[in-house]
> 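Below you will find the structure I want to go over with you.
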Amino acid sequence: MIDFIRKHRNVLLLLTLLVTLAISCLATQHRLVEAAATVALPVVQVTTSPTSRLEDFRTRREETYLSDLSTLQALCDQPALSDQTREDAARQLQEMVARRESQLALEGALTQSGVYPCVAVITSGSVTVVTEKETLSSGESALVMTLAKAHAGVEPSGVRVITAENAK
């Protein structure tokens, strides 16, 4: 038996090394799967009451945005997922961030106008602006359409304005 071990020592050491590497790889993979399954994100809840329905909508939209952002970021960071899934999540994340930037830019531009207070919602190919004003003048309508084109790249045919009178 000792002669066998001496004669095949290198082969036995190689087999021992391979078995050790395989066990280490499996243990690491198992640990990573467990760690990825228990992602805990900090949640901060603010208990302020919105002043209007538009502010309530804006607050809910922001909460939803942050939730979606966290979910997509977690998907992008998962090495166990397929490359296609991670690429799709990254693409959606980029689109969501770009749309949010456009919405905030449009709303920011409208804060100094007669349309304010208002909320802008941008989807692919359309912009909806909801305002608390009863009616809009033709100048204010033209301003909304110009700003929608400048900030969201949406043609006037894709712009809708909902006033307080229309919402009743």
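Here the structure is a predicted model, which is why all the values come from computation and not from measurement.
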> Which residues satisfy the salt bridge (charged side-chain N to carboxylate O under 4.0 Å, His left out) test with Arg100, sequence neighbours excluded?
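Salt bridge (charged side-chain N to carboxylate O under 4.0 Å, His left out) check on Arg100 returns Glu62.
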> Between Glu63 and Arg60, is there a salt bridge with N-O shorter than 4.0 Å?
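Not counted as a salt bridge, because no side-chain N and carboxylate O are separated by less than 4.0 Å.
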> Just wondering, do Ser102 and Arg99 contact through their side chains at under 4.5 Å, heavy atoms?
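A side-chain contact under 4.5 Å is absent here.
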> Could you go through residues 18-32 and list every donor-acceptor pair under 3.5 Å that involves a side-chain atom there, pairing it with any protein atom two or more places apart or in another chain?
from	atom 1	to	atom 2	distance (Å)
Thr20	OG1	Thr16	O	2.8
Thr28	OG1	Ser24	O	2.9
His30	NE2	Glu34	OE2	2.6

> Do Asp56 and Arg53 sit within salt-bridge range, that is, some charged N less than 4.0 Å from a carboxylate O?
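No salt bridge links Asp56 with Arg53.
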> Could you give the distance from CD (Gln94) to CD (Gln92), rounded to the nearest 0.5 Å?
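The distance works out to 11.0 Å.
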> How close do Leu75 and Ala89 get, heavy atom to heavy atom, and via which atoms?
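Answer, listing the atom of Leu75 first, then Ala89: CB-CB, 3.9 Å.
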> If you define the side chain from C-beta out and look only at heavy atoms, does anything of Thr135 sit under 4.5 Å from Thr163?
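The answer is no, as the side chains (C-beta and beyond) never meet within the 4.5 Å cut-off.
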> Atom CD in Glu140, atom CE in Met145: separation rounded to 0.5 Å?
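So the CD of Glu140 and the CE of Met145 are separated by 12.5 Å.
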> Find the distance between CD (Glu55) and OG (Ser52) and round it off to the nearest 0.5 Å.
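Atom-to-atom, Glu55:CD and Ser52:OG are 5.0 Å apart.
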> Between Asp88 and Gln84, does any side-chain donor sit less than 3.5 Å from a side-chain acceptor?
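Result is yes, a qualifying pair exists.
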> Find out if a path of hydrophobic residues (ILVMFWY) with successive side-chain heavy-atom gaps under 4.5 Å connects Val119 to Tyr65.
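No; Tyr65 is not reachable from Val119 via cluster members.
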> Side chains of Val130 and Phe57, heavy atoms from C-beta outward: is any pair under 4.5 Å?
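SC-SC contact between Val130 and Phe57 ruled out.
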> With sequence neighbours excluded, give me every ring pair (Phe, Tyr, Trp, His ring centres under 6.0 Å) pair touching residues 2-24.
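Sorted pair list: Phe4-His8.
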> Which heavy-atom pair separates Thr85 from Ser82 by the least distance, and what is that distance?
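That would be OG1-OG, 2.8 Å.
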> Could you walk me through whether Gln103 and Ile122 pass side-chain contact (heavy atoms from CB on, under 4.5 Å), step by step?
CA-CA 6 Å; Gln103 280 179 181; Ile122 298 176; 3.7 Å; yes
> Does any N or O in the side chain of Arg86 come within less than 3.5 Å of the main-chain N or O of Ala80, such that one atom is a donor and the other an acceptor?
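Flag not set: sc Arg86 to bb Ala80 has no pair under 3.5 Å.
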> Would you give me the side-chain donor-acceptor pairs under 3.5 Å for residues 107-114, sequence neighbours excluded?
from	atom 1	to	atom 2	distance (Å)
Glu107	OE1	Arg61	NH2	3.2
Glu107	OE2	Arg61	NH1	3.1
Glu107	OE2	Arg61	NH2	3.0
Glu107	OE2	Ala120	N	2.9
Thr111	OG1	Gly108	O	2.6
Ser113	OG	Leu110	O	2.7
Ser113	OG	Val115	N	3.2

> Taking C-beta and beyond as the side chain, do Leu69 and Val97 meet within less than 4.5 Å on heavy atoms?
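Contact flag for Leu69/Val97 side chains = yes.
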> If you measure from CG on Leu54 to CD on Glu132, what distance do you get to the nearest 0.5 Å?
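One gets 4.5 Å once the value is rounded to the nearest 0.5 Å.
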> Shortest non-hydrogen contact from Cys76 to Leu93?
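Closest pair (atom of Cys76, atom of Leu93, distance): SG-CD2, 4.4 Å.
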> Under the rule for salt bridge (charged side-chain N to carboxylate O under 4.0 Å, His left out), what residues qualify as partners of Glu101, not counting sequence neighbours?
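Salt bridge (charged side-chain N to carboxylate O under 4.0 Å, His left out) check on Glu101 returns nothing, list empty.
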> Is the shortest side-chain N to carboxylate O distance from Glu95 to Arg91 below 4.0 Å?
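The answer is yes: the pair qualifies as a salt bridge.
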> Who are the side-chain contact (heavy atoms from CB on, under 4.5 Å) partners of Ser124, not counting sequence neighbours?
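Here no residue qualifies.
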